[in-house]
**Q** 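The structure under discussion is supplied below as structure tokens; questions concerning it will follow.
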Amino acid sequence: MTPVHFSFSSAFVLGLMGLAFHRAHLLSALLCLEGMMLSLFIALALWALQFESTGFSAAPMLLLAFSACEASAGLALLVATARTHGTDRLQNLNLLQC
């Protein structure tokens, strides 16, 4: 495993572990998701460069566009949650209650 592959693999695993074990605030969960998406973007870009294929060259840009949409939806949910509940702590959110 090359150091580049190790770096984006460890970035993805760290984001996944942060999402799994440190779920105190909605903002930290969104940042972990964004870190995972960026490591996947780097992996797809390096994969397309390694195989020198033109068919996969659009895949990283498509993933980056979906990542931007995911980030904007997450920030909109964060603002709506902070306005209605007054905090972004995930323990205070009750999905059964409106």
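Basis for what follows: all heavy atoms, side chains included, without hydrogens, waters or symmetry-related copies.
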**Q** Working to the nearest 0.5 angstrom, can you tell me the gap between Met36 CE and Phe8 CZ?
**A**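 Rounded to the nearest 0.5 Å, the CE-CZ separation comes out at 14.0 Å.
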**Q** Taking all non-hydrogen atoms of both residues into account, name the closest pair between Gly15 and Cys32 and its distance.
**A**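 Heavy atoms only, the tightest pair is O-CB, 3.5 Å.
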**Q** Would you say Val13 and Phe21 are hydrophobically clustered, going by side-chain heavy atoms of ILVMFWY under 4.5 Å?
**A**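 Yes, same cluster.
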**Q** What are the two closest heavy atoms between Leu30 and Leu75, and how far apart are they?
**A**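 Nearest heavy atoms, Leu30 then Leu75: CD1-N, 4.3 Å.
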**Q** Within this structure, what is the CD-CG distance for the pair Glu34 and Leu27, rounded to the nearest 0.5 Å?
**A**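 Here the rounded value is 11.0 Å.
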**Q** Specify the closest pair of heavy atoms between Ala11 and Ser39, including all atoms of both residues, with the distance to one decimal.
**A**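 In this case the closest contact between Ala11 and Ser39 is CB-CB, 4.1 Å.
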**Q** Membership question, hydrophobic clusters at under 4.5 Å side-chain separation (ILVMFWY): are Trp47 and Leu38 in the same one?
**A**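 Both belong to a single hydrophobic cluster.
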**Q** How long is the straight-line distance from CG of Leu62 back to CZ of Phe41, given to the nearest 0.5 Å?
**A**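 It is 11.5 Å, given to the nearest 0.5 Å.
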**Q** If you look at every heavy atom in Leu40 and Leu63, which pair is closest and at what distance?
**A**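 Here Leu40 and Leu63 meet closest at C-CD2, 3.7 Å.
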**Q** How long is the span from the CD atom in Gln50 to the OG1 atom in Thr2, to the nearest 0.5 Å?
**A**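 Taking CD in Gln50 and OG1 in Thr2, the distance rounds to 8.0 Å.
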**Q** With the 4.5 Å side-chain cut-off for hydrophobic clustering, are Phe12 and Val4 part of the same group?
**A**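 In one cluster: yes.
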**Q** Going from CG on Leu31 to CG on Leu19, what distance comes out if it is rounded to the nearest 0.5 angstrom?
**A**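 Here the interatomic distance stands at 11.0 Å.
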**Q** Rounded to the nearest 0.5 Å, how far does CZ of Phe51 lie from CG of Leu46?
**A**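 Separation between the atoms: 11.5 Å.
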**Q** Going by atom types only, do Ser28 and His25 share a side-chain donor-acceptor pair under 3.5 Å?
**A**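 Result is no, nothing qualifies.
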